[in-house]
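Below is one structure, written out as structure tokens; comments come after it.
Throughout, a chain's letter reflects where its sequence line sits, starting with A, and its residues are numbered from 1.
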There are 2 protein chains.
Amino acid sequence: MLNQSAALDLTFQALADPARRAMLERLSTGPASVSELARPFSMSMPAVLQHLAVLETAGLTRSRKSGRVRTCEINPQALNTAQDWLAARRAEWEQRLDRLEAYLTELQNKDQGNG
Amino acid sequence: MLNQSAALDLTFQALADPARRAMLERLSTGPASVSELARPFSMSMPAVLQHLAVLETAGLTRSRKSGRVRTCEINPQALNTAQDWLAARRAEWEQRLDRLEAYLTELQNKDQGNG
DNA sequence: TCTATAGTTAAGCAAATGCTTAACCAATCA
DNA sequence: TGATTGGTTAAGCATTTGCTTAACTATAGA
């Protein structure tokens with residue numbers, strides 16, 4: 001079991017590459033084989049394999065080999081970790097703005113009381 | 001103007017480091033100076049500066065210098081790009097599951113009609 | 001059985017990353 | 001004015017990343 005921070009490291013790192021995101025985009029429409037995932041890229045097979053390994057290590061995809069073809073699929077649950085973190089940051093920020101607004105309103109009210 | 005993919009590269013790459021995420025977490029509670037952001041880390045000042053540069057280049061933060069202190073703040077809008085991409089992937093996946101379910105239901109209905 | 005297909009491993013390399021130390025500038029403050 | 005504080009730049013270095021080619025294994029089909 002990986003701690004939360006290490007999991008986010010792997011997830012965001014995996015998402016930081018356009019080829020890997022393209023693979024995820026393809027996989028979000030349904031499972032695909034390795035060579036099918038490789039097709040859109042002008043990249044050697046080993047390079048594709050390495051990208052897939054990064055995705056799988058991050059838990060963003062799973063795969064199983066049957067015969068000589070390996071079928072990959074997305075693991076949408078893994079997107080949660082990333083989404084939750086982003087949502088939490090936004091929430092904190094909104095909260096802070098709310099407090100700021102409340103404070104400014106309070107100041108204004110005091111001011112009107114004194115004027 | 002950066003294209004969408006390059007923006008996502010920078011954003012996810014910036015989020016992939018625990019120190020940078022910690023800085024963003026701090027900033028999501030309100031603005032802070034460089035040295036304030038540096039305090040929690042056992043890391044040289046230049047290292048901190050570099051992390052901040054990565055965040056700012058990705059558009060995740062902004063900063064202004066007044067006197068000799070530079071004040072940084074989060075730019076929550078930049079989180080949108082990342083969140084939107086994740087949401088789109090999830091949506092595509094859900095859609096696919098829906099279609100799959102519809103198809104299976106259809107199969108089952110046909111089967112009952114023939115049985 | 002021969003051969004093409006699908007994937008895998010190993011080794012190597014250039015560029016990017018994350019850090020360091022050393023040297024420095026500029027705004028405060030005693 | 002001289003020292004301290006806050007930040008910045010430059011140079012260097014170890015590690016990681018993203019890719020390559022070459023060599024190899026295993027399954028499927030003619």
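Remark: A:Gln50 CD to A:Arg20 CZ distance equals 10.0 Å, nearest 0.5 Å.
B:Arg39 and B:Glu36 are not joined by a salt bridge, as no carboxylate oxygen comes within less than 4.0 angstrom of a charged side-chain nitrogen.
For DNA chain D, the span of nucleotides reached by chain A at under 4.0 Å from its heavy atoms goes, 5' to 3', from D:dG18 to D:dA28.
With B:Glu92 as reference, B:Arg89 is the one residue of B:Arg89, B:Gln95, B:Arg90 to meet the side-chain hydrogen bond (donor to acceptor under 3.5 Å, both in side chains) rule. Each of A:Leu52, A:Thr61, A:Leu55 was evaluated against A:Leu37; a single residue qualifies, A:Leu52, per the side chain to side chain contact (heavy atoms under 4.5 Å, CB included) test.
The stretch residues 26-52 of chain B touches DNA chain D through B:Ser33, B:Val34, B:Ser35, B:Met45, B:Pro46, B:Leu49, each having a heavy atom within less than 4.0 Å of the strand. Contacts of residues 11-20 of chain A with DNA chain D (heavy atom under 4.0 Å): A:Asp17, A:Arg20.
Shortest non-hydrogen contact noted between A:Arg26 and A:Ala32 is NH2-CB, 3.5 Å. Residues B:Leu86 and A:Leu15 come closest through the heavy atom pair CD2-CD1, 3.8 Å. When all heavy atoms are compared, the tightest approach of A:Phe41 to A:Ala22 is CZ-CB, 3.7 Å.
For A:Gln13, the side-chain hydrogen bond (donor to acceptor under 3.5 Å, both in side chains) test picks out no residue, with sequence neighbours left out. Not counting sequence neighbours, B:Arg96 has no partner by the side-chain hydrogen bond (donor to acceptor under 3.5 Å, both in side chains) test.
Side chain of B:Asn75 to backbone of B:Arg62: no donor-acceptor contact under 3.5 angstrom is found.
Looking only at atom types and distance, the side chain of B:Arg70 has a donor-acceptor partner in the side chain of B:Ser63 under 3.5 Å away. When only modelled atom types and interatomic distance are considered, B:Trp93 and A:Glu73 share no side-chain donor-acceptor pair under 3.5 Å.
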Between the protein and nucleotides 27-30 of chain C, which nitrogen or oxygen pairs are less than 3.5 angstrom apart?
from   : atom 1 : to      : atom 2 : distance (Å)
C:dA27 : N3     : B:Arg68 : NH1    : 2.8

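Distance, B:Arg70 CZ to C:dA26 P: 14 Å, rounded to whole Å.
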